[in-house]
Amino acid sequence: PTTAVAATPPPMYFNQETLQQRFQALIEGAKEKWTYAIFWQSSVDEASGASLLGWGDGYYKGCEEDRQKRTLGNAASAAEQEHRKRVLRELNSLVAGGGSSSPDEVVEEEVTDTEWFFLVSMTQSFVNGAGIPGQALFSGSPIWIAGGDRLQVSACERARQAEVFGLRTMVCVPVGGGVVELGSTDLIFQSNEIMNKIRFLFSFNATEME
Amino acid sequence: DGDLPHARRISLRRFLEKRKERLTAAVPYAS
């Protein structure tokens, strides 16, 4: 249940540089192999009054499957790959300011399933407690889903989509100003150590916001 | 449509930069 809603800018902007440092400390310093982390930022849609979780920032580390799929060539179908590459080319020219630089491997190499899942996440938002991130924010409690079978039967479309793209663990932890989501292609069981690390790293205060 | 919100633009640029690093670092396929 993800919905694209035109929201007014959120009241606070988090400094993306410090967010990246937090992601890096969380993911690169972990024993577990997390594939990505996302900070969903909460805001209120002024027109409707709906609470909204939208893209704040993300960190994509990748996984072993990325390397294997590129090497062995067992990635998504040719048509799907062409679609992904076309989108990536358009996005690349968009962030490059429409420059006419020649195509390079960054947009010509295969876009793996987990890369695509991460990219698509940038377009998603969650209204009034919808989806796993929204439920975590609404309840104030972490949600930890370990196992492809559990993701598959989730009521949340995003969780089911995650399973289709090869993810086996999805975690959403409410923090100040939003929700931190972690995903992995590995099976990772709930641990207080990880939960505490997320809460510690993402306990924002006013001086850390732009 | 060219109207990419600021946070997504930064995230996307960083994703593409890191993707390039990953691809460059990847061991080439030995035939």
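A note on names: the letters A, B, ... follow the listed sequences, proteins ahead of strands, and every chain is numbered from 1. Hydrogens, waters and symmetry mates are skipped; everything else that's a heavy atom, side chains included, is used.
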Counting heavy-atom pairs under 4.5 angstrom with chain B, the leader among A/V106, A/L119, A/L88 is A/V106

Please report the interatomic distance CZ(B/F15) to CD(A/E115), rounded to the nearest 0.5 Å.
4.5 Å

State, with a plain yes or no, whether a side-chain heavy atom of A/D57 is found less than 4.5 Å away from one of B/I10.
no

Name each donor-acceptor pair under 3.5 Å that joins a side chain in residues 168-180 of chain A to protein atoms two or more places apart or in another chain, with its distance.
from, atom 1, to, atom 2, distance (Å)
A/T169, OG1, A/D186, O, 2.7
A/T169, OG1, A/I188, N, 2.9

With respect to A/E109, which candidate in B/R19, B/R22, B/K20 satisfies the side-chain contact (heavy atoms from CB on, under 4.5 Å) definition?
B/R19

Identify which part of A/E90 has an atom lying under 4.5 Å from any heavy atom of chain B, answering side chain, backbone, both or neither.
neither

A/G56 versus B/A7, closest heavy-atom pair with distance:
O-CB, 3.5 Å

Shortest non-hydrogen contact from A/W55 to B/S11?
NE1-OG, 2.9 Å

Do other residues, nucleotides or ligands put more than 12 heavy atoms under 6.0 Å from A/K197 NZ?
yes

Hey, what do you get for CG (A/N92) to CG (B/L16), rounding to the nearest 0.5 Å?
5.0 Å

Tell me if a side-chain donor or acceptor on B/R14 pairs with a main-chain N or O of A/Y60 at a distance below 3.5 Å.
no

